[in-house]
Amino acid sequence: MKILMLVLFILFLSLPVLSQSEEELKGRKAPNFKLEDLDGKFFELKNALGKGPILLSFWATWCKPCVEELAEFEKIYKDFKDKGFRLYAISVDNERSVSKVKPFVRSKGYSFHVLLDTNSEVMRKYYAPAVPYSVIIDKDGNIVYTHLGYMKGDELKVREILNKMYQ
């Protein structure tokens, strides 16, 4: 019981640090990264900048809120892709579950790019404490929005931000 209380106390103390790191990320340059996609090709963020806003969505196949959020992000992607908007869904499925990602994506019919972060290195670069976690990057490479978790309606904020970026 004492160990449990100690663990909970330490977690409680670390929460402000996690949220502070997330808040400090807004307004900063997005950290560059290089990840493999589902076809084995490499994607590097710096090569995608300058064309329009980018949404990074950290997710996993086993995460129910992630799956719900990705369905909404697919709609947003279809509405904005012709304007230069890009969506990169970054799967953080580990070595054991990564084999499920490609069949999962195909079964859902997603048209956006899916990248694999099996060791969660990019997730750590973006101070993502858990999934789902979303980051909007403007065309200049600045982080303009971050959000942890998903509840129905959260996608409206993403749509609102994108609408303002395209005005």
State, yes or no, whether a side-chain contact exists between [X] and [Y] at a heavy-atom distance under 4.5 Å.
X	Y	result
Val101	Val114	yes
Cys63	Pro132	yes
Leu55	Phe85	yes
Leu45	Asn47	no
Lys34	Val122	no

With a 4.0 Å cut-off, would you call [X] and [Y] a salt bridge?
X	Y	result
Glu121	Arg124	no
Arg159	Glu155	no
Lys29	Asp140	no

Hey, quick one: are [X] and [Y] part of the same hydrophobic cluster, counting side-chain heavy atoms closer than 4.5 Å, chains of contacts allowed?
X	Y	value
Val131	Leu116	no
Met123	Ile90	yes
Val98	Leu70	yes
Ile161	Leu56	no
Ile76	Phe58	no

Just how far is it from atom [atom1] of [X] to atom [atom2] of [Y], taken to the nearest 0.5 Å?
X	Y	atom1	atom2	result
Asn142	Leu49	CG	CG	9.5 Å
Gln167	Leu162	CD	CG	11.5 Å
Arg86	Lys81	CZ	NZ	13.0 Å
Lys102	Asp39	NZ	CG	5.0 Å
Asp117	Glu36	CG	CD	12.0 Å
Ser111	Lys78	OG	NZ	5.5 Å

Would one find more than 12 heavy atoms of other residues, nucleotides or ligands at under 6.0 Å from atom NZ of Lys46?
no

If we ignore angles and hydrogens, is there a donor and acceptor under 3.5 Å between the side chains of His147 and Asp154?
yes

Show your reasoning for whether side chain to side chain contact (heavy atoms under 4.5 Å, CB included) applies to Ile136 and Ile143.
CA-CA 6 Å; Ile136 297 177; Ile143 295 172; over 6 Å; no

Please give me the minimum heavy-atom distance between Tyr166 and Pro53, naming the atom from each residue.
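Nearest pair, atom of Tyr166 first, then Pro53: OH-CD, 3.0 Å.
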
Where Gly149 and Glu69 come nearest, the two heavy atoms and their spacing:
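Residues Gly149 and Glu69, closest heavy atoms: O-OE2, 3.9 Å.
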
Candidate pair Leu87 and Phe80, rule side chain to side chain contact (heavy atoms under 4.5 Å, CB included), full reasoning
CA-CA 10 Å; Leu87 167 58; Phe80 288 93; over 6 Å; no

Applying ring pair (Phe, Tyr, Trp, His ring centres under 6.0 Å) to Tyr145 and not counting sequence neighbours gives none

What is the ring orientation for Phe33 with Tyr126, classed by angle as parallel under 30°, tilted 30 to 60°, or perpendicular over 60°?
perpendicular

Mind checking whether Phe112 and Tyr77 have parallel, tilted or perpendicular rings, split at 30° and 60°?
perpendicular

Residue pair Leu156, Glu72: steps toward the side chain to side chain contact (heavy atoms under 4.5 Å, CB included) verdict
CA-CA 9 Å; Leu156 299 176; Glu72 295 301 325; over 6 Å; no

Run the side chain to side chain contact (heavy atoms under 4.5 Å, CB included) test on Val92 and Thr118 for me, step by step, so that the C-alpha distance in whole Å, both residues' side-chain angles and the decisive distance to 0.1 Å come before the verdict.
CA-CA 5 Å; Val92 297; Thr118 55; over 6 Å; no

Residue of the set Tyr133, Tyr150, Phe104, Phe73 for which ring pair (Phe, Tyr, Trp, His ring centres under 6.0 Å) holds with Trp59
Phe104

Just jot down the side chain to side chain donor-acceptor pair (under 3.5 Å) partners of Ser91, sequence neighbours excluded, or say none.
Asp93

